[in-house]
Amino acid sequence: MKNSRDERYRPAVSFFLSYKTIIIFILLFPVLNFAQLSYLETNDLRFVYFGVIHEYLVPHAARSFENAISFHKKLFDYTPNEKITVFFHDFKDYGNAGATCLPRNRINSAIAPFGFTYETMPASERMSSIFNHELVHIAALDEASSSDKFFRSLFLGKVVPSEENPLTMLYSYLTVPRMYSPRWYHEGIAVFMETWMAGGYGRALGSYDEMVFRTLVKENKPIYDMIGLESEGTKVDFQVGVNSYLYGTRFFSYMALKEGPMKLIEWVKRLDGSNAYFANNQ
């Protein structure tokens, strides 16, 4: 049996709820209007951003992308087989970006200025630095030998590993083997290249990593080997992944000094005749 008092107040409640809905919609309408996704496309780029709010920065960011991809194409002998999607957003209070090639080539980029508290990033122009760095990841991850291309055609693309089917790890390795190189390897070459492309202004020639390693030696602290870095080294990180950047940058800078920068590039390339596993690629 329904409560008569509930029935009596139902019209008032309905009116109040509809009234609140209208007010909220009116207040949020400008945001909803401005938050429509827009995109810009070039031969290599699909640039997705939030409409009017961010379009002032899109021409500069797109030019930075085109400059970087043009440089990496020549240096790594890399030709993207699909457009690289860049998602441009302002969800964070500090600049950051990330890249992946699974299942598609894409970059997520925050547009805020970099944060410099406990940071190693020099204050260079951030759009150029972001794309110089992140497109190294795309080239190093996605570049494919003939065997990689064969398995990509066989499996209808690059395979994303799944917990439900462990065999997908093998299929994924066959289609994009360099995805399974350690993080210090990928961050090391990306930081090295961002510094090279900025004329020597960057983390590879910064003072932060020098301070870290001199302190480790002075205080007789352990310097991790490759296995230790991926286990204990990640556990003691006070920032996510910073040891991978520090160790990778240090290693690539040392190898560039000892063997020359072009030797590093040849090591990272995934062309016919190279080995799938990075450590076997001499």
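All of these numbers come straight from a predicted model, not from anything done at the bench.
- Ring orientation note: the planes of Tyr171 and Phe155 are tilted relative to one another, at an angle of 30° to 60°.
- Taking the six-membered ring where the residue is Trp, Tyr245 and His133 present parallel rings, their angle staying beneath 30° rather than reaching 60°.
- At a threshold of 4.5 Å between side-chain heavy atoms, the hydrophobic network of Ile, Leu, Val, Met, Phe, Trp and Tyr places Leu264 and Leu205 in two separate groups.
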Full working for side chain to side chain contact (heavy atoms under 4.5 Å, CB included) between Leu37 and Tyr49: CA-CA 6 Å; Leu37 289 176; Tyr49 60 98; over 6 Å; no

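- Of the listed residues (Tyr277, Trp267, Phe251), just one forms a ring pair (Phe, Tyr, Trp, His ring centres under 6.0 Å) with Tyr185, and that residue is Trp267.
- Following chains of ILVMFWY side-chain contacts shorter than 4.5 Å, one can reach Tyr254 starting from Ile223, so the two form part of one hydrophobic cluster.
- By the rule that hydrophobic residues join a cluster once side-chain heavy atoms approach within less than 4.5 Å of another member, Tyr224 and Met211 end up as members of one cluster.
- Here CZ of Phe87 is found 11.5 Å from CZ of Arg106. Values are rounded to the nearest 0.5 Å.
- Counting heavy-atom neighbours within 6.0 Å of Arg104 CZ, excluding the residue itself, gives a total of 12 or less.
- Met169 and Val176 are assigned to two separate hydrophobic clusters, defined by single-linkage of ILVMFWY side chains at heavy-atom distances under 4.5 Å.
- Looking only at side-chain heavy atoms (C-beta outward), Arg178 and His137 stay at 4.5 Å or farther from each other.
- Using cut-offs of 30° and 60° for the angle between ring planes, the Phe88 and His54 rings count as perpendicular.
- No continuous path of ILVMFWY side-chain contacts below 4.5 Å connects Met179 to Leu167, so the two sit in separate hydrophobic clusters.
- Contact check for Ile138 versus Phe131: no side-chain heavy atoms found under the 4.5 Å cut-off.
- Using the six-membered ring where Trp is involved, Tyr173 and Tyr180 have ring planes that are tilted, between 30° and 60° apart.
- Here Lys269 pairs with Glu266 in a salt bridge; the nearest charged N to carboxylate O distance falls below 4.0 Å.
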